[in-house]
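In the text below, chain A, chain B and the rest are named by the order of the sequence lines, each starting its count at 1.
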Amino acid sequence: MMIKQALLLLALAVILGLGVNLVSPNAVDYIGKYRDISSGDGPIVPPTAMEGDPAFIDVNVAQMEHAAGQAIFVDAREEYEFHCGTIPGSVNLPFEYLPDENFAGYIDSALGYPDKDTPIIVFCSGEECDLSLHLARNLQDLGYTNPAIFFGGAREWQNMGFEMEVSPECGQ
Amino acid sequence: MRAVIDNDYLTMLSRLVVGGMFIYASFYKIIEPASFAKSIWYYHMVPGSLINLMALILPWLEFLCGIGLIVGVLYRGAALWLNALLVIFIVALASTIVRGIDIDCGCFKAAESATDSAWSSLIRNIVLLVLGVQMLLSRSQRWQLMKDRTVPG
């Protein structure tokens with residue numbers, strides 16, 4: 001009895017879930033195309049990524065760009081997280097605390113007025129964090145033509161054994 | 001003990017709390033399946049190809065079971081599902097704590113910033129599971145639209 005009822009409820013949920021998705025404005029593909037996290041098989045791309053978003057890069061590309069020294073690395077996390085362990089040489093643009101007024105001017109100034117085609121690699125903690133995606137979209141809107149998102153973030157960088165920069169202000 | 005478990009008022013309270021919680025939790029997930037898919041993805045526990053199907057079906061299952069529990073239709077099946085889901089959520093949350101993955105639980109507002117720590121979600125789910133088990137064991141059939149003839153008493 002109990003199992004029959006449970007199966008009936010599941011069947012109803014399947015019909016409603018798949019059926020409503022046919023007409024929903026927020027419909028998703030029935031079969032998602034997600035890469036398994038940390039499979040080493042290309043960059044981590046979150047399900048919230050949309051067409052036209054900046055490119056996603058994997059940890060190896062991020063590391064190569066870092067070694068090449070041409071790109072600006074931008075840490076989108078809060079200041080305290082940035083101080084306590086970030087990719088060396090990164091600029092901190094805490095996405096949740098960016099000013100509304102003169103947004104473009106603030107970003108340009110924080111980045112050191114780079115050329116608009118300078119490669120900018122944005123990251124945050126790791127795959128649970130969307131800040132890098134939102135910030136990279138904003139950079140794109142501001143006319144930067146070469147932002148990229150390193151979605152593996154500080155955690156994947158650290159897990160790879162790459163150097164982390166810790167500021168003396170950590171914990172203060 | 002049996003008298004406590006079978007108490008009509010306690011059973012109704014459990015139904016309202018657990019059912020209500022699941023109905024509330026299902027809303028955002030039904031409205032925003034992509035965000036909920038991302039929450040599932042964070043847990044690193046579900047194969048990529050199944051994430052969207054789970055994000056589409058699970059919230060409706062929560063909603064239907066929540067309604068079933070409160071109004072007393074397909075009550076036993078609904079109680080079984082919600083207990084099973086709570087056990088799965090508890091295992092998933094505990095695994096993220098053990099593995100050190102810092103996540104928003106995706107319990108209510110899917111993929112919002114982490115306002116609800118894994119620990120508090122875990123404790124809430126354990127409390128709900130206690131109520132859920134009481135509900136499942138209870139022989140009270142008061143205030144149920146569809147009575148279950150197989151339950152003694």
Side-chain angles (χ1 to χ4, degrees), chain A residues 1-22 24-39 41-42 44-50 76-78 81 95-96 124-131 133-134 151 153-156 158-159, chain B residues 26 29-44 46-65 67-69 73-84 96 100-104 106 110-114 136 146 148-151:
Chain A
M1 183 71 176
M2 188 155 58
I3 301 292
K4 264 189 195 165
Q5 289 185 357
L7 289 174
L8 179 57
L9 283 161
L10 178 63
L12 285 171
V14 170
I15 292 166
L16 279 166
L18 303 187
V20 169
N21 193 53
L22 288 174
S24 165
N26 295 330
V28 293
D29 293 339
Y30 288 108
I31 304 296
K33 298 180 192 73
Y34 305 112
R35 186 184 76 92
D36 286 342
I37 290 168
S38 305
S39 71
D41 183 23
I44 299 173
V45 180
T48 38
M50 295 190 294
R77 296 173 301 167
E78 288 188 38
E81 293 174 288
F95 180 75
E96 286 173 326
C124 48
S125 317
E127 65 274 5
E128 75 281 5
C129 150
D130 263 346
L131 304 175
L133 174 60
H134 296 308
F151 212 71
R155 185 180 320 111
E156 195 178 16
Q158 189 172 23
N159 288 346
Chain B
S26 68
K29 300 176 193 170
I30 288 173
I31 294 166
E32 294 183 25
S35 295
F36 182 47
K38 190 176 176 201
S39 294
I40 299 172
W41 184 68
Y42 287 152
Y43 281 90
H44 311 187
V46 179
S49 54
L50 298 181
I51 289 177
N52 281 7
L53 286 174
M54 192 168 161
L56 290 171
I57 295 167
L58 187 64
W60 280 104
L61 187 62
E62 292 180 352
F63 178 77
L64 291 172
C65 291
I67 296 280
L69 217 55
V73 172
L74 302 175
Y75 176 85
R76 296 272 145 202
L80 181 68
W81 264 122
L82 294 191
N83 277 299
T96 65
I101 307 169
D102 182 18
I103 53 148
D104 165 42
E112 280 286 296
S113 63
L136 193 62
M146 206 171 91
D148 184 352
R149 285 185 216 97
T150 59
V151 176

Colleague: Taking the side chain as C-beta and beyond, is there a heavy-atom pair between B:F63 and A:L16 under 4.5 Å?
Modeller: no
Colleague: Looking at A:L18 and B:L56, what are the two nearest heavy atoms and their distance?
Modeller: CD2-CD1, 4.2 Å
Colleague: Between atom CG of A:L12 and atom CH2 of B:W60, what is the distance when rounded to the nearest 0.5 Å?
Modeller: 11.0 Å
Colleague: Taking the side chain as every heavy atom from C-beta outward, state whether B:L80 and A:Q5 have any pair of such atoms under 4.5 Å apart.
Modeller: no
Colleague: Measuring from atom CE of A:M1 to atom CG of B:L74, what distance do you get when rounded to the nearest 0.5 angstrom?
Modeller: 8.0 Å
Colleague: Tell me the closest heavy-atom pair linking A:L9 and B:C65, and the distance in Å.
Modeller: CD1-SG, 3.9 Å
Colleague: Can you check whether B:L53 reaches A:I31 side chain to side chain, under 4.5 Å on heavy atoms?
Modeller: yes
Colleague: Examine whether an atom of B:M54 lies under 4.5 Å from a heavy atom of chain A, and if so say whether it belongs to the side chain, the backbone or both; otherwise answer neither.
Modeller: neither
Colleague: How long is the gap from CG on B:L58 to CG on A:L10, to the nearest 0.5 Å?
Modeller: 10.0 Å
Colleague: Distance from A:N21 atom CG to B:I30 atom CD1, nearest 0.5 Å?
Modeller: 12.0 Å
Colleague: Testing the basics here: between A:Y30 and B:N52, what is the closest heavy-atom pair and its distance to 0.1 Å?
Modeller: O-CB, 3.5 Å
Colleague: Given 3.5 Å as the limit, does a donor-acceptor pair link the side chain of A:N26 with the main chain of B:I31, or not?
Modeller: yes
Colleague: Identify which part of A:L131 has an atom lying under 4.5 Å from any heavy atom of chain B, answering side chain, backbone, both or neither.
Modeller: neither
Colleague: Please state whether the side chain, the backbone, both or neither of B:Y75 comes within less than 4.5 Å of a heavy atom of chain A.
Modeller: backbone
